[in-house]
Structure formats: C-alpha cells, structure tokens
Amino acid sequence: MSALAEAEEDADTPARDHWSLLSQGAEARVYGLDLCGLPAVAKHRHRKAYRIAALDGRLRRDRTLAEARALARCRARGVPAPAVLGVDAARCVLYLERVPGPTARAFVDANRADPARLGAVLAALGGAVARLHAAGLVHGDLTTSNAVCRAADDVVLIDFGLAGASAQVEDRAVDLYVLERALASTHRDADGLVAAVLAAYAAAAADAKQVLRRLDAVRARGRKRECFG
Amino acid sequence: MAALLADNLPVPPPNEALLALGIEGSANKVGVGLIRYVPATGAYDILANPRETYVTPPGTGFRPRETAQHHQRHVVPLVQKCLREAGVDASEIGCVCYTRGPGMGGPLRSCAVAARVLARLWRVPLVPVNHCVAHIEMGRVATDVSDPVVLYVSGGNTQVLAFSGRRYCIFGETIDIAVGNCLDRFARVLGLSNDPSPGYNIEKCARDGKKFAPLPYVVKGMDVSFSGLLTFISQNAPKLLAGGYTPSDLCYSLQETIFAMLVEVTERAMAHCGRKDVLLVGGVGCNRRLQAMMAAMARGRGGACCDMDHRYCVDNGAMIAQAGIFAFQHGSRAAWASCDCTQRFRTDEVEAVWRRPTET
C-alpha cells in the first residue's frame with residue numbers, strides 16, 4: 001500500500017476482514033465479500049487526501065447516495081442492474097449484489113467466432129440500455145467493461161457512479177455515443193458490434209427514432225470523444 | 001538545458017545547430033524568446049526570454065484593443081532586448097515562430113504581423129504554433145518528463161490532455177469558461193489587484209481563509225464547468241461577507257472547490273490512460289495549492305506531479321520557439337499564405353510530428 005493510500009485510511013474506513021480487492025478506479029475501490037451467505041461487492045468511495053475534509057465528505061456521501069438511488073430505480077423499473085444490499089452513508093460504502101459472469105468486453109472478445117452468441121449478447125446490451133432509458137435514467141459511462149454477462153442473452157449493467165436521472169433525448173443520445181466510442185476503442189471491427197447494439201436499442205426503445213436521429217447530430221458534433229482510445 | 005526527450009523522434013538530417021525566435025502574444029502578455037538547439041548534446045537552450053505584461057487597474061479586465069496596442073508598443077523593443085540578452089546577431093536566426101492561436105484576435109494579430117515582418121526581413125521561414133501545444137512542449141523539456149497526462153489551466157483554457165496516436169488528445173475540458181477566467185473575475189468582485197496577476201492575489205488571500213463556504217461542484221465525467229459556480233459566488237458574495245465570511249474565506253472556498261474539480265478529472269484521465277505522471281502547465285499552474293493537491297493525488301497513484309516555475313508556466317516567447325523548433329526540425333513547413341492566426345485552434349488539430357506515434 002502506498003503512503004497516500006494509507007493516509008486515505010481513517011476512522012470511517014470500514015473493517016475489511018475477508019474482503020478482497022477486485023478493482024481500483026479513480027474514485028472508489030471495489031471489494032468482493034460474502035454478506036450473510038450472499039456473494040456481494042462493496043464499493044468504497046475512499047477518502048481523497050487532496051481535498052479538504054468538508055468538501056470530500058460531502059462529495060463522497062452525495063455520490064454514494066445518488067448511485068444507490070439510481071440502482072434502486074433500476075430495480076423497481078426492471079432494468080438489469082445489481083441489487084442494492086445495503087448503504088453505509090457514514091462510511092460511503094455501497095453493498096451490492098455480486099453479478100456472476102464475465103464482462104461484456106471479455107465475452108465479446110471470446111465469442112468473435114460465434115455469431116449467434118455474439119449477436120445475443122449485443123442484443124441484450126442494446127435492450128438493457130433501452131430499458132434503462134425507459135426508466136428515466138442515463139448511465140453516463142456505458143462501456144463493455146461496465147456490463148456483466150450472466151448468460152449470452154442476459155446482460156447486467158454495472159457502475160452507476162456517473163448515472164443520473166434524465167429523460168432528455170440529448171442525454172440518451174450522448175449515452176449511446178459514449179458506448180459507441182467505447183466499442184470502437186476496445187474492440188476491433190467495431191462497426192458491426194455498434195450496428196447490432198443500436199438495432200436492439202431501436203427495437204426496444206419507445207422513442208428510439210428521435211434518440212438515434214440525435215445520435216447522428218452528436219456524432220457530427222464529435223468533439224473530444226474522438227480522442228478516446 | 002535538456003537532452004532529447006524519450007518519446008520524441010530523433011532530429012532527422014541535416015541535424016544542425018538551429019536558432020529559433022518565438023513570439024507570443026495571445027493574451028495580456030507579450031514575450032519574445034530565443035532557443036538554440038545544440039546537435040552535439042541534443043539540448044535545447046533558452047538564450048533569452050523577456051516579457052511584458054499588460055496590467056489593468058483592480059476591478060477591471062484586459063480588453064482586446066488595449067491589449068493589442070500594448071503588444072504593438074512592446075514587441076519591437078522586446079525583440080531587440082532578446083537579441084541583446086542572448087548576445088546573438090539576427091543573421092544567426094534560422095526560423096521565426098509565432099502563436100497562431102488560440103487567443104484574443106487583436107493581440108494575436110499584432111504579434112503575427114511582427115513575426116511576419118521579421119521573417120521577411122531576415123529571409124527565414126515562419127512557423128505557426130498552437131499555444132496549448134507550446135505550453136506542453138516547454139513543460140516536457142523543462143521538467144524532462146516524457147509522456148505525462150497534462151493539465152493545462154490558464155485564463156483562457158482548461159484542458160486535460162494526453163498524447164495518443166499522433167496528437168495531444170483532449171480527454172476532458174471546461175464546457176464553459178476557463179478556470180483562470182473564473183478566478184480573475186472573482187478577483188474583480190473582491191476588488192483585488194491585477195498586479196502581478198489576479199490569481200496570485202487570490203492565492204495569497206486564500207492562505208488566511210479558514211471557514212469553508214459550500215459552493216457548486218460541477219464535474220461531468222472528465223469535463224468541468226465553472227460559470228454556474230462563478231455566478232453563485234459572485235451573487236452571494238455580499239451576503240456571505242455580511243454573514244461571517246471574510247474575503248479570505250471566500251478565496252479559500254473558491255480555490256478548494258475548483259482545484260478539487262481539476263484534480264478529480266485529471267485523476268480520472270490518468271486512470272483511463274494508465275499514466276502515472278502529471279504535468280501542470282498554464283498560468284494557474286503556478287498556484288502552490290493546486291500544485292500541492294495535484295502532487296498528493298499523483299503520489300497516491302505511484303507517480304509524480306511535475307510543476308514548473310513562473311518562467312515557463314506563464315505565457316512566454318521561449319515556449320513558442322520550443323514547439324516551433326520541434327515542428328520545424330521534423331520537416332513541418334507552412335506556406336506563407338497559410339501563416340495566419342485564429343482565435344479558435346484546438347490542441348488536437350495539431351499533428352505532433354516530432355513525437356513517436358503511439359498505438360490507438
């Protein structure tokens with residue numbers, strides 16, 4: 001553990017016996033654990049030593065609660081997303097259902113030679129995003145790393161750290177654009193993958209026509225997303 | 001004195017000594033710098049780098065016309081001073097580099113015209129330079145860090161950049177005003193002095209701040225926004241000042257909030273690109289508090305924050321010469337007619353021909 005990682009430990013840090021670190025992002029650490037027999041993950045928004053405590057505490061708490069609310073809304077509206085098992089607002093920890101399976105990223109790469117399975121997972125991904133948007137939410141960071149495949153036709157969206165409530169066509173189109181760029185930057189010959197996801201989205205989303213038309217405008221605007229990669 | 005950077009391509013033949021003059025004037029500073037490339041060591045030496053700053057009275061900003069007139073007044077004496085300090089003769093200069101953009105129209109044009117005249121007079125090529133790329137290249141040479149994530153923060157720009165493919169890609173940026181603009185305008189609300197810069201006086205004032213006023217914190221992915229925050233603190237300043245907050249408290253709260261936003265998006269970009277080092281450039285990069293916060297973040301990721309001193313962080317002529325000499329040495333030539341200037345010139349429009357391309 002680096003010096004600063006230690007400095008980020010404080011009285012609010014949860015006890016982590018039997019927790020194993022799964023991933024470390026810019027904002028949070030995700031641990032695997034067993035919660036009363038349930039396979040779970042804990043997403044801990046750790047202290048950031050560079051921020052003053054007053055600001056740091058507020059941001060971590062607000063974001064933890066916002067993510068919990070978005071996930072709860074997903075559950076209520078039938079969007080495939082992990083169940084919230086508990087919220088520790090004081091320590092900024094979110095306890096979530098651990099979704100078994102590979103990421104869509106790994107699944108796509110492993111099934112490039114199997115059109116049926118590849119088609120199924122892309123259709124499931126497009127359908128899941130359509131349901132998310134129908135629930136009045138946008139994800140904010142749709143990538144194939146932020147989707148887990150329970151089965152070829154059963155894709156669960158994860159990491160709602162940048163999610164927000166919005167029913168705006170623009171926000172939905174940007175969501176799809178981010179996904180499109182992510183596909184292009186992580187998978188070779190991504191054109192077919194993007195087309196399959198968008199076809200499934202078009203078939204499942206009520207206002208798909210409007211959103212896809214706006215997606216053309218967002219693409220034309222291009223901007224900095226072009227440099228992702 | 002800096003040797004060839006690790007991620008740069010070797011200078012192609014003829015690999016000769018070269019003296020480049022750079023003229024900068026995109027905002028309220030006009031600067032002329034001279035850089036000499038020494039083939040034996042691969043070093044780029046700054047021979048001279050004089051500068052004049054247009055400072056306006058407290059409560060006011062600098063307007064394009066008056067700023068342009070300031071630059072027009074100073075550019076010729078600065079060129080003379082630069083040559084004198086460097087102890088070189090104009091006949092030794094191999095190319096004249098100037099800021100093509102982005103920046104304020106009038107000031108840019110004034111310096112572009114000066115560069116054009118000098119290039120004609122001395123019969124040497126003219127090299128148009130992107131101001132943001134110049135900040136990055138001066139920073140890389142000055143700190144000797146080869147491939148960092150760059151946070152470029154100034155009065156006109158706020159961008160998180162990293163080299164990818166053949167360009168400096170913009171991973172995050174402000175969606176409205178620049179961070180320095182936000183600081184400058186709040187300094188006007190408080191009536192702080194513009195000498196040496198409003199940002200410096202906010203920094204000094206913030207050191208005595210203790211009471212934190214919660215302010216809007218607007219981060220969207222890797223982008224930031226400051227205009228709502230500025231409106232909020234400007235409109236609420238009288239109320240806050242009457243309600244137990246001192247001007248120092250407000251400067252402190254403003255700095256803590258906007259710098260936390262900048263460090264957060266920089267960290268996200270570092271996680272995204274898998275890079276450990278940060279380079280802080282632009283006028284706001286001189287702020288010690290921002291440097292300390294960035295260093296704390298970078299340390300936590302096992303890297304370092306390379307911050308620069310005033311000589312290179314603030315707009316100057318040498319940085320224009322540095323980016324220009326790199327492009328020129330690697331075969332970049334601009335047709336005379338294309339040597340214009342423009343207020344809008346995105347960092348990712350420039351192909352960095354001097355750097356080793358990366359896989360994308």
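Every value quoted in this text rests on a predicted model; they were computed, and no experiment measured them. Note on naming: letters A, B, ... go to the chains in the order of the sequence lines (proteins, then strands), and numbering restarts at 1 for each one.
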Sorted by first residue and then second, give each side chain to side chain donor-acceptor pair (under 3.5 Å) pair with at least one member in residues 257-270 of chain B; sequence neighbours left out. Lys48(A)-Glu267(B), Arg63(A)-Glu264(B), Tyr217(B)-Glu264(B), Glu264(B)-Arg268(B), Glu267(B)-Arg301(B)
List the atom of Ala260(B), the atom of Tyr50(A), and the distance in Å for their closest heavy-atom pair. O-CE1, 4.0 Å
Should we say atom CZ of Arg61(A) is surrounded by more than 12 heavy atoms from elsewhere, each under 6.0 Å from it? no
Output the distance between atom CZ (Arg289(B)) and atom CD1 (Ile52(A)), rounded to the nearest 0.5 Å. 7.5 Å
Highest number of heavy-atom pairs under 4.5 Å with chain B: which of Gly161(A), Ala26(A), Ala54(A)? Ala26(A)
Give every donor-acceptor pair under 3.5 Å between a side-chain atom in residues 210-217 of chain A and any protein atom, sequence neighbours left out.
| unit_1 | atom_1 | unit_2 | atom_2 | d |
| --- | --- | --- | --- | --- |
| Arg214(A) | NH1 | Glu170(A) | OE1 | 2.7 |
| Asp216(A) | OD1 | Arg219(A) | NH1 | 2.7 |

Tabulate, in ascending numerical order, the residues of residues 145-162 of chain B having at least one heavy atom closer than 4.5 Å to a heavy atom of chain A, or enter 'none'. none
Checking heavy atoms, do the side chain of Phe163(B), its backbone, both or neither come under 4.5 Å from chain A? neither
Decide if atom NZ of Lys211(B) counts as having more than 12 heavy atoms of other residues, nucleotides or ligands within a radius under 6.0 Å. yes
Heavy-atom count check: over 12 atoms from other residues, nucleotides or ligands less than 6.0 Å from Tyr245(B) OH? yes
Partners meeting side-chain contact (heavy atoms from CB on, under 4.5 Å) with Ala134(A) (sequence neighbours left out): none
